[in-house]
Amino acid sequence: MDLEKGIFKLDNIPFFGPMIATEDVFFAEYDEKEERLTYRETIETSGNSIVQIIIIEKGFDKEIIREKLKEINCESEGMNETLFAVEVTKEVDYSFVRSILEEYRELSVIDYGEPSLSDKHRADLLKN
């Protein structure tokens, strides 16, 4: 967005790191110790959320869950055979996503974390 001022917009699905989601605008600066650009703070949130999912049932194909989430417009990126991160855009009702995740969690297929859950998606859970 503005390289000189250190203002950026996240355009990929993060696996780890600060509480930030796709389309969030953030400030980063060069860190002498790290020898790279380093996230400092989120300036503007997008309303999107990130969910991390780990497959705990040995041999379960994560693509089954990724496809089910894709059907409700949630893109994801896989890190390996057992871990992937999901982008939940602000347009998606998070209660639908949560119901899918809970179904698989109750079957002991997955566990999941919600490291960056937007205010909009928190509200989706409260209304249902």
Report task. Take Arg105 and Asp111 through the test side chain to side chain contact (heavy atoms under 4.5 Å, CB included) and record every step on the way to the result. Result -> CA-CA 6 Å; Arg105 179 188 261 173; Asp111 202 357; 2.7 Å; yes

Query - Candidate pair Val25 and Thr42, rule side chain to side chain contact (heavy atoms under 4.5 Å, CB included), full reasoning - result: CA-CA 6 Å; Val25 177; Thr42 300; over 6 Å; no

Report task. Applying side chain to side chain contact (heavy atoms under 4.5 Å, CB included), run through Leu69 and Ile100 and close with a yes or a no. Result -> CA-CA 8 Å; Leu69 291 169; Ile100 292 169; 4.1 Å; yes

Query raised in the report: Could you go step by step and tell me if Arg66 and Phe84 meet the side chain to side chain contact (heavy atoms under 4.5 Å, CB included) rule?
Result: CA-CA 9 Å; Arg66 289 182 71 190; Phe84 61 103; 3.5 Å; yes

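Between Val51 and Arg98 the shortest side-chain heavy-atom distance does not fall below 4.5 Å. Residues Tyr104 and Ile65 form a side-chain contact, since some pair of their non-hydrogen atoms from C-beta on lies under 4.5 Å apart. Looking at Glu29 and Asp31, their side chains never come closer than 4.5 Å, going by heavy atoms from C-beta outward. Inter-residue side-chain proximity for Phe60 and Thr82 is flagged as unmet; no heavy-atom pair is nearer than 4.5 Å. In this structure the side chain of Ile50 never reaches within 4.5 angstrom of the side chain of Val88, judged on heavy atoms.
The residues Asp24 and Lys9 are annotated as not salt-bridged, no charged nitrogen and carboxylate oxygen being separated by less than 4.0 angstrom. With respect to the salt-bridge test (charged N to carboxylate O, under 4.0 angstrom), the residues Lys68 and Glu103 qualify.
Figure legend: cation-pi geometry between Arg40 and Phe26 absent, as NZ or CZ is not positioned both under 6.0 Å from the six-membered ring centre and within 45° of its axis.
One hydrophobic cluster, built from ILVMFWY side chains closer than 4.5 Å, holds both Leu125 and Ile53. Cluster annotation: Ile13 is not connected to Ile54 through the hydrophobic network of ILVMFWY side chains, with a link wherever side-chain heavy atoms come within less than 4.5 Å. Under the 4.5 Å side-chain heavy-atom criterion for ILVMFWY residues, no single connected hydrophobic cluster contains both Phe27 and Tyr30. No continuous path of hydrophobic side-chain contacts links Met19 to Leu117 [ILVMFWY only; heavy atoms under 4.5 Å].
A pairwise comparison of heavy atoms in Asn12 and Pro14 identifies O-CD, 3.2 Å as the closest pair. Taking every heavy atom of both residues into account, Gly47 and Ser118 meet most closely at O-OG, 2.9 Å.
Within 6.0 Å of CD on Glu34 lie more than 12 heavy atoms contributed by other residues, nucleotides or ligands. By the 6.0 Å contact criterion, CD on Glu81 is open, its count of non-hydrogen atoms from other residues, nucleotides or ligands being 12 or less.
Here Ile110 contributes atom CD1 and Lys62 contributes atom NZ; the two are 13.5 Å apart, rounded to the nearest 0.5 Å. Atom CD of Glu87 is separated from atom SG of Cys74 by 8.0 Å, given to the nearest 0.5 angstrom. The CD atom of Glu32 sits 10.0 Å away from the OG1 atom of Thr38 when rounded to the nearest 0.5 Å. Taking CD1 from Ile43 and CZ from Phe8, the interatomic distance works out to 10.0 Å, rounded to the nearest 0.5 Å. Between Ser116 atom OG and Gln52 atom CD the span is 9.5 Å, to the nearest 0.5 Å. The CD atom of Glu23 lies 8.0 Å from the NZ atom of Lys90; values are rounded to the nearest 0.5 Å.
Residues Tyr94 and Glu114 have side chains that bring a donor and an acceptor to within less than 3.5 angstrom of each other. Under the 3.5 Å distance criterion, with hydrogens and angles disregarded, no donor-acceptor pair is assigned to the side chains of Ser95 and Asp124.
Looking only at distances, a side-chain donor or acceptor of Lys120 sits under 3.5 Å from a matching main-chain atom of Val92.
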